[in-house]
Structure formats: C-alpha cells, structure tokens
Amino acid sequence: GHNRTFSVSSAFEFTSNLFPLSSTTASGYARIGEAIAPSDPATGLGGVSLEKHKTLTYLNGLSLIVGLVIGSGIFSSPGQVITRAGSPGASLIIWVIAGVLAWTGAASYAELGGAIPLNGGPQVYLSKIFGELFGFLFTWCAVVVLKPGSTAIIAIIFGEYLVRAIVGAEAESVNPWINKGVALFGLLSVTFMNCLSTKLGTRIGDMFMFLKFIALLGVTIIGIVVAITGYSASGEANRDWKTHGWFEGTSTDISSWAVALYSGLWAFDGWDNTNYVVGEFRNPGRDLPRVIHTAMPMVIVSYLLANVAYFFVLPLDAIKSTNTVAVLFGAKVFGTAGSLILSLIVSASCLGALNATAFTSGRLVYAAGKEGYLPSILGKVGVGNQVEHPSLSTLRTRSWLSKKLAVLFGDSETGLFFTPVNALVFNALIAVVYIIIGDFSTLLTFYGVAGYTFYFLTVLGLIVLRVREPHLERPYKTWISTPIIFCCVSLFLLSRAVFAEPLQTLIVAAFVVVGIPIYYWRVRGRDQMSRRQGENGERPWWKFWKR
Ligand code: ARG
C-alpha cells in the first residue's frame, strides 16, 4: 500500500526505493541521475530533461564555484573584518576560519552530492533524510528569498562598482536609481545568455574565473612590490605594516569575533552551488570532491594573500574605514587610473558571480518545478510550455544564424535555448523586485540566518544518513570530523544570531512556518493530479518508484 499523503515515513519509503537504484529498471526508467523523467519507449529520448545532457566537466565545476565564491566580498569586506577582529593578524585568522568552515561545508555537500547525484541540492537531500517537508521548506526559502536575494545583492554591488568606474569619485552623489538601472542591465544580460545556451553560460564562467585569479594575483604581486619598494602614487609610503604589530589591538570580545566571522562568510558564500547542478555532471562522484578540494584551498590562499597585500599598501585606519578597500588600494598605488581599473575589475568579478548565480538558481527553480512544488511550467526545458525535445527535429528548421550560433557555443546537439528558460526568467524576475525595493542590510542578515539554518540541517543530515544507511554507495566519503566541525561552528553562529538579531530570526522562523501550509497545498494538488492521471492509466513521472 502506498500512502497518498506524504508523511515523513512515506517520503522515506519513496526515497529509499529510489536511491538504491543503480540499474535500469524493467519499466524503462533510466539511471539514477536521469530518473526524474521517464523515458519514452517510442523515441528512446525520454522526457525533456537537463539531466539527460550531462555536459558539466571538472573545469566547469571549478569555474562555477570559483566564479561564484569570488565575487564582491574579498574586495569589500576586509575593512569590516579588521575592525571587528581588532588587528590584521586576528583578521587573517578570521579569514582562515571562515574559509575552513566553508571548506568543511563544501566537502560535506560533496559527499551528499556523490551519494544522491540529482539536481536541486539540499532539496533532494533533506527530502530523503528528514522527509519531504524539509526539502520543500528549503526550496521555499531558497526560491523566494535566498537565491533571488543573493542574486540581487551581487547585481547591486556590480552596479555600484561599474558606476564608480565611470564617474569616479563622484560615485557617492550618483542617484541610486542609476546604480539600480545598471544592476538590472547586468542581471538581464546574464540571464539572457544563460537562457540561450548552457555552454555559453559555463564558458563565460570559465573566462571570469581566470580573470578573478589574475586580479587577485595582481593585487598580491603589487602588494609585495609596494612593500619592498615603499612606492605609492602620492609619494606617501605606508609604514603601518612595519610599525604596527600584526596582533596589536586584537579584540578579546567573542561577539566581535562572531560578527567578524559573519562578514568573512559572505566572501566565501556560494560553496554549495555545484550541488544544485550535480545531475548535469558527467561524473559527479569523481569530479565534485575534486572541484571542492581544489577550489576551496585556492580561494582561501588567494584571499589571505589579498588581505596581506591590502595591509602592505594601505594604512590600517584607511582599511578600517572603507567598504571598497580594493578601490582605495588601486588609488594608493596608481592614483585615479588605479581606482578606475580596480572598480572595473571588481564589477567584472561581480558580473561573473552573477552569471554563476543565475546559472545555478535557474536549476534550483527548475528542480522545484519538476518536483511539483512550483507550477510545472518552471520545470520545463526551453521557452514556454515546450513539451517536445527541442533538438534534432527543430534544429533542422531553425534559422541559419541560430544553427551557426548553436555550433559555435557547442550546443549543436541540443540547439539553442535547451536550458531551463522559464526557471531562469522566474528567478531573475524575483531578483528584479528585490533590486527595485531592496533593503540590503535586512536582506543580508536574513540571508545569513536562513542560509546557515539550512546548511546546518543539510550537514546534520549527512551524519544522520551515515548512521541510518551505512551501506549507501558513497563515491566520496569525507572524514566524519568534517561535518561535525561544520555543525558545531554553524550552530554557534546561529545561536549568536538569535541573541544579536532576535527580530530577524523571528522573521526567518515565521517565513519558514508560512511555508508549511503551502507545502500541504502544493503536495495535495500534486497528489490529486496524480490520482486523476492514475485513473487514465498513465503514471505521472513522480510516481516512478511505484511498480
Ligand atoms: N561570495 C560572494 C561574494 O563575495 C557572494 C556569493 C553569494 N552567494 C550566492 N549563493 N550567490 O560576493
């Protein structure tokens, strides 16, 4: 007997039937990563599904993570971290802690991604481990706030830096609507490219990754050269790093350290994003951990070097009092041209992060549409309510230009717009609303609390899964200390937030609670539909586990 209502136990039954799948079942359901869409015996093609076109490689994953994680943070927040930590030495320690925390989280997610190689990230893990309600609540928060919220924040920062590059020092007096307009332009361009072609999106990502490393490497080298020669555009060399002790003034207040850690965490945020697209990896079990274990140390080291370079070049007080440390760095070394170049670099870096965020957010919305949490049109590939496979037949009838473009982007097999267009546009539209009405400090706190609640739950889920299903096939297994460290530190951070920001925490909690009735409404609707279709003798795709 199969339960129609989705209780925790039936969700578990559902998932435990699903996940041991390793071979093609008699009824024609393909391998695990493709299980989402039943295959069509007539064409052998199966439902149109992104997971059937596994295009992502190790390098794509690397540039996705690096491109998303290196965004605005390292160019903006070092000042806040130093102010809270009290000394440059202590701030470096904070950067290491934040980075290692992100790394342990990412390693834990890599284990889950290998064991459950489906698109959607925590949505599928939480459903499997704690029941579908949890997966739904994650999706609810992620789709409505976390993803479009972070998209909006990065877009705004992109806009601010680009405007700064154009108008220079007058940037403070520019009408904020100009910044917002530039932010919208950036968001819409990036969304369009990602709609056009998966390959184009990832290629843009690859390009930005190199740019970011070159930028951070450049900052480091300049810092070292300046430290040796004592050069500065104004002729006034910075001696702070020689005269001021590295640990002089270190804060002894634990809550200052916690706040400093929060500021640092934004710069490392985004480490979970490969997990949203696991289903599109050619070899997730092998490549996901490889991506994490190269990307995270690379990011940590380059952040530390950049921080040291800032301290070599800028007086401590100047670092503490700015939100745009990189621009100040450029001005100090190269004068006006330097601040222009650095503003451009930071805005490009944000654009890269925006591109990667658009890419993965679209996949999350798409997974939610497929799952029946959101209108099913969002779970479609291609423009509008396209049901047919857009490749092959349609490609032949497409215009010369679109064929040439498809070949150029490497999408000749699928044609252009073989992407979750509706989902990408949906995410962009919500982000547009945030950009227009957004209050970013509120959004950022909300982001931190809600985000870390789900990070915590997901990593806790890894531990639960180890106990409950020790024999589940895990292509990659992290040390058990990894999730434990992550859980302890994130619990500490969350408990601080409850006391420091009780109102915000309450709003987050209320928001999550609102998701519960919506869950019952969506799942009821979905099950009713499945009953109706069941009477027609047709099995809906989400009942594929039922023989
Ligand atoms: N780490 C990025 C930065 O420093 C922000 C990433 C935002 N998170 C996300 N999931 N998009 O700007």
Side-chain angles (χ1 to χ4, degrees), residues 63-81 95 98-99 101-103 105-106 109 121-122 138 141-161 183 186-187 190-191 194 201 205 208-209 211-213 215-216 261-277 295-296 298-300 302-303 306-307 323-326 345-365 424 427-428 430-431 434-435 438 440 443-452 454-455 458:
S63 65
L64 190 71
I65 280 291
V66 172
L68 215 151
V69 170
I70 303 179
S72 57
I74 187 58
F75 305 109
S76 318
S77 19
Q80 294 153 27
V81 178
W95 284 95
L101 183 65
W103 192 356
Y109 270 52
F138 165 78
C141 287
V143 166
V144 180
V145 182
L146 296 178
K147 286 278 136 198
S150 58
T151 308
I153 295 171
I154 300 172
I156 279 283
I157 302 174
F158 159 75
E160 280 173 358
Y161 275 95
L187 173 62
V190 158
T191 305
N194 275 285
F208 276 114
M209 174 177 74
L211 185 126
K212 285 172 198 215
F213 274 125
L216 285 176
L261 190 54
Y262 258 127
S263 313
L265 284 178
W266 169 256
F268 285 105
D269 197 66
W271 48 261
D272 57 326
N273 273 263
T274 31
N275 284 73
Y276 298 117
V277 294
M296 296 317 291
M298 268 164 33
V299 170
I300 294 173
S302 56
Y303 280 13
N307 268 292
N323 273 330
T324 51
V325 64
I345 287 177
V346 179
S347 67
S349 169
C350 292
L351 193 63
L354 194 60
N355 177 63
T357 299
F359 184 84
T360 58
S361 306
R363 266 63 183 176
L364 180 72
V365 174
L424 285 161
N427 177 65
I430 303 184
Y434 286 133
I435 291 176
F440 291 97
L443 213 53
L444 206 60
T445 321
F446 190 98
Y447 184 80
V449 176
Y452 264 82
F454 286 107
Y455 290 153
T458 308

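Just so you know, ligand 1 is whichever comes first in the structure, and atom 1 is the first atom listed for that ligand. In what follows, every heavy atom counts, from backbone to side chain, and hydrogens, waters and symmetry copies are set aside.
Exactly one residue among Val325, Val346, Ile157 makes a side-chain contact (heavy atoms from CB on, under 4.5 Å) with Phe75. That residue is Val346.
Annotation: side chain of Leu364 is in contact with side chain of Phe138 (closest heavy-atom distance under 4.5 Å).
Nearest non-hydrogen protein atom to atom 10 (N) of ligand 1 is Tyr447 OH, 3.2 Å. Scanning the protein heavy atoms around atom 8 (N) of ligand 1, the nearest turns out to be Asp269 OD2, 2.9 Å. Among all protein heavy atoms, the one lying closest to atom 7 (C) of ligand 1 is Trp266 CH2, 3.6 Å. For atom 3 (C) of ligand 1, the nearest non-hydrogen atom of the protein is Ser72 N, 3.3 Å. Scanning the protein for heavy atoms near atom 4 (O) of ligand 1, the closest one is Gly73 N, 2.8 Å. Looking only at heavy atoms of the protein, atom 2 (C) of ligand 1 is closest to Val69 O, 3.3 Å.
Under the 3.5 Å distance criterion, the side-chain polar atoms of Ser302 are matched with a main-chain donor or acceptor of Met298. At least one donor-acceptor pair closer than 3.5 Å links the side chain of Ser349 to the backbone N or O of Gly71.
Using a 30° and 60° split on the angle between ring planes, Tyr109 and Trp271 fall in the perpendicular class, above 60°.
In the model, Ser76 has no side-chain atom that pairs as donor or acceptor with a side-chain atom of Trp266 under 3.5 Å.
Under a 4.0 Å criterion applied to the non-hydrogen atoms of Thr357, ligand 1 contributes the atoms 11 (N). Interface atoms of ligand 1 facing Lys147, defined by a heavy-atom separation under 4.0 Å, are 10 (N). Annotation for ligand 1: atoms under 4.0 Å from non-hydrogen atoms of Asn273 are 10 (N).
Residue Ala267 has at least one N or O atom closer than 3.5 Å to an N or O atom of ligand 1.
Every heavy atom of Ala353 sits 4.0 Å or more from the atoms of ligand 1.
A centroid separation of 6.0 Å or more is found between the aromatic rings of Phe268 and Trp103.
Nearest heavy-atom pair, Pro78 versus Gly73, reported as atom, atom and distance to 0.1 Å: CD-O, 3.6 Å.
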